[in-house]
Participant: 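Here's a structure for you.
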Protein chains: 2
Amino acid sequence: MVTVRRPQRADARRNFDALLAAARDAFAENGTDASLEDIARRAGVGIGTLYRNFPTRRDLFEAVYVEEVDQLSAAATAVASLPPWDALTAWLHRFVAYAVTKRAIIEALNRESEMFATCRRTMYDAGEPLLERAQKAGAVRTDVSFDDLLRLVSGLTSAAFVDDAQRDRVIALALDGLRA
Amino acid sequence: MVTVRRPQRADARRNFDALLAAARDAFAENGTDASLEDIARRAGVGIGTLYRNFPTRRDLFEAVYVEEVDQLSAAATAVASLPPWDALTAWLHRFVAYAVTKRAIIEALNRESEMFATCRRTMYDAGEPLLERAQKAGAVRTDVSFDDLLRLVSGLTSAAFVDDAQRDRVIALALDGLRA
DNA sequence: TGCGAAACGGAGGCCCCCCTCCACTAATCT
DNA sequence: AGATTAGTGGAGGGGGGCCTCCGTTTCGCA
């Protein structure tokens with residue numbers, strides 16, 4: 001897992017965190033190619049400071065991305081105690097609610113890079129057991145791979161919906177196709 | 001239906017068509033905010049010529065968009081003779097195959113504008129009867145609206161897939177949730 | 001409190017895009 | 001063939017993003 005070292009000095013650490021937060025917002029709003037100068041502005045920091053902490057746009061993006069993935073994988077253990085079908089769908093709903101504001105995760109779903117590969121693995125390690133459990137319990141058809149499933153759901157994150165109710169309705173609809 | 005008048009003179013008409021084709025490609029590749037100068041370059045035409053034919057980026061986009069929607073709606077009559085379920089899914093597959101290279105259609109799915117509203121209506125008029133027929137025939141559950149369906153499917157167009165086989169598999173999966 | 005090192009931030013060079021304007025080119029008409 | 005005029009295309013000004021560089025500020029240790 002790639003980790004970026006937080007700076008030592010207090011002021012530097014403050015700026016580092018502000019940048020990370022600003023970047024998260026900016027990437028969510030405008031996708032991977034949000035303006036770096038805008039991110040620095042949002043963080044109340046000079047552009048030079050951004051570049052010192054994150055020499056390339058990629059460095060910044062990865063720092064945000066790793067954090068997101070970690071949270072997503074933590075969510076998997078949180079639902080582990082539910083019944084198989086419920087655990088799976090709860091996690092998938094979480095995935096959607098989560099990724100819908102952070103579409104960079106989706107954009108990156110099949111981008112080439114060691115770092116992405118690692119993160120993808122992390123996500124799969126978290127979610128795949130949920131699917132397998134549901135399949136063993138006979139709740140989900142067995143001709144579906146976790147990759148299929150994730151792509152199905154991730155597609156829905158980028159669709160536009162009239163309101164949250166419609167979004168949930170459509171996701172439920174899609175998941176009904178999974179049932180054994 | 002908004003229509004752009006093609007120019008009278010032969011050379012002008014050639015340029016007009018080249019611009020439209022170049023724009024279609026560029027929008028497909030880079031989304032709605034493709035570079036206009038790049039479009040002019042692709043068309044082998046000066047930037048001034050682009051602006052004379054299409055004073056705003058929106059004019060250009062609409063010209064492309066209208067054409068796409070027309071083709072999509074024509075596809076609906078082409079499948080009308082199939083059995084209800086097959087007709088519906090055939091059209092939806094067509095929708096995906098189509099929109100996947102032209103994601104601007106999706107981006108525009110709920111953009112505000114009289115012109116978009118008209119085109120949306122055209123698309124709905126084409127596809128909605130297919131759903132209703134399938135529902136009346138008992139092939140599709142009745143608690144699904146055409147809007148739900150279109151958004152479900154349109155989400156899948158923007159998902160990334162390993163290959164076409166996976167895409168078709170995932171779409172079929174999603175559509176299985178529709179069955180009555 | 002004083003000092004060295006760490007961190008800051010924005011000016012500036014570069015590049016690409018947007019859009020306008022107008023001297024030039026060539027299609028069409030007679 | 002020559003005149004008329006629609007049509008061309010690219011230069012250029014403005015704006016904004018990228019990234020580097022370095023004079024200035026601030027931290028935190030002693």
Side-chain angles (χ1 to χ4, degrees), chain A residues 3-65 103-104 107-108 111 113 115, chain B residues 3-65 103-104 107-108 111 113 115:
Chain A
T3 8
V4 186
R5 261 225 311 293
R6 291 177 80 223
Q8 302 304 310
R9 250 172 63 171
D11 56 342
R13 213 154 40 224
R14 241 186 340 263
N15 286 336
F16 180 91
D17 292 340
L19 277 168
L20 221 46
R24 189 184 3 262
D25 295 350
F27 285 144
E29 276 172 41
N30 309 320
T32 319
D33 43 352
S35 152
L36 296 184
E37 291 193 319
D38 179 51
I39 290 176
R41 266 193 302 273
R42 287 180 195 228
V45 145
I47 184 68
T49 299
L50 184 152
Y51 274 95
R52 198 165 339 88
N53 282 291
F54 307 100
T56 72
R57 142 178 262 113
R58 182 182 204 84
D59 290 322
L60 178 55
F61 175 66
E62 291 190 354
V64 171
Y65 183 73
R103 77 179 104 131
E107 277 176 37
R111 185 121 47 191
S113 126
M115 177 266 168
Chain B
T3 9
V4 187
R5 260 226 312 292
R6 291 177 81 223
Q8 301 305 309
R9 248 172 61 171
D11 57 341
R13 214 156 38 224
R14 243 188 336 265
N15 287 336
F16 180 92
D17 293 340
L19 278 169
L20 221 47
R24 190 186 1 262
D25 294 350
F27 285 146
E29 275 171 41
N30 309 319
T32 319
D33 43 353
S35 152
L36 296 184
E37 290 191 322
D38 179 51
I39 290 175
R41 263 192 305 274
R42 287 181 195 229
V45 145
I47 183 67
T49 299
L50 184 152
Y51 274 94
R52 194 164 345 86
N53 282 292
F54 308 100
T56 72
R57 143 176 259 111
R58 181 181 205 82
D59 291 322
L60 178 54
F61 176 66
E62 291 190 355
V64 171
Y65 184 73
R103 77 180 104 133
E107 277 175 37
R111 185 120 47 193
S113 129
M115 178 264 169

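All heavy atoms count here, side chains included; hydrogens, waters and symmetry mates do not. The shown structure was predicted, so the numbers you read here are calculated from the model rather than taken from an experiment. Proteins get letters first, then strands, A, B, ... in listed order; numbering begins at 1 in each.
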Participant: With sequence neighbours left out, what residues match B:Ala23 under side chain to side chain contact (heavy atoms under 4.5 Å, CB included)?
Facilitator: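 So B:Ala23 forms a side chain to side chain contact (heavy atoms under 4.5 Å, CB included) with B:Phe27, B:Ile39, B:Leu60, B:Val64.
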Participant: What residues in residues 37-51 of chain A put a non-hydrogen atom under 4.0 Å from any atom of DNA chain D?
Facilitator: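 Correct list: A:Glu37, A:Arg41, A:Ile47, A:Tyr51.
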Participant: Measure the distance from CG on B:Asp33 to C1' on C:dC16 and round it to the nearest whole Å.
Facilitator: 14 Å
Participant: Under a 3.5 Å distance rule, please check whether A:Arg6 uses its side chain to pair with a backbone N or O of A:Asp17 as donor and acceptor.
Facilitator: no
Participant: To the nearest 0.5 angstrom, please state how far the OH atom of B:Tyr51 sits from the CG atom of B:Asp59.
Facilitator: 11.0 Å
Participant: Of the residues in residues 8-15 of chain B, which ones touch DNA chain C at a heavy-atom distance under 4.0 Å?
Facilitator: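 Here the set is B:Arg9, B:Ala10, B:Asp11.
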Participant: With no hydrogens and no angle check, is any side-chain donor or acceptor of B:Asn15 less than 3.5 Å from a backbone partner on B:Ala12?
Facilitator: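 Side chain of B:Asn15 to backbone of B:Ala12: no pair is present.
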Participant: When the distance from CG of A:Leu19 to C1' of C:dA7 is rounded to whole Å, what number comes out?
Facilitator: 13 Å
Participant: At the 4.0 Å heavy-atom cut-off to chain B, mark where contacts on DNA chain D begin and end, going 5' to 3'.
Facilitator: D:dA6 to D:dA11
Participant: Categorize B:Arg57 for me: base, sugar-phosphate, or nothing, with a 4.0 angstrom heavy-atom threshold over every strand shown.
Facilitator: sugar-phosphate
Participant: Of the non-hydrogen atoms in A:Leu36 and A:Arg57, which two are nearest, and what is the gap between them?
Facilitator: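 For A:Leu36 versus A:Arg57, the nearest heavy atoms are CG-NH1, 3.9 Å.
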Participant: Quick one: which residue pairs count as a salt bridge (Lys or Arg N to Asp or Glu O under 4.0 Å) with a foot in residues 42-51 of chain A, not counting sequence neighbours?
Facilitator: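 Every salt bridge (Lys or Arg N to Asp or Glu O under 4.0 Å) pair that includes a residue of residues 42-51 of chain A, provided the two are not neighbours, is A:Glu29-A:Arg42, A:Asp38-A:Arg42.
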Participant: Rounded to whole Å, please give me the gap between CG in B:Asn30 and P in C:dC17.
Facilitator: 10 Å
Participant: Under the side chain to side chain contact (heavy atoms under 4.5 Å, CB included) test, which residues partner A:Arg52, sequence neighbours left out?
Facilitator: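 For A:Arg52, the residues satisfying side chain to side chain contact (heavy atoms under 4.5 Å, CB included) (neighbours in sequence not counted) are A:Thr49.
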Participant: Does the distance from a Lys or Arg side-chain N to an Asp or Glu carboxylate O, for B:Glu62 and B:Arg58, drop under 4.0 Å?
Facilitator: yes
Participant: Are the side chains of B:Phe54 and B:Leu20 in contact, using a 4.5 Å heavy-atom criterion?
Facilitator: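 Yes, at least one pair of side-chain atoms sits under 4.5 Å.
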Participant: Closest heavy-atom contact between A:Pro7 and A:Asn53?
Facilitator: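 Taking every non-hydrogen atom into account, CG-OD1, 3.7 Å.
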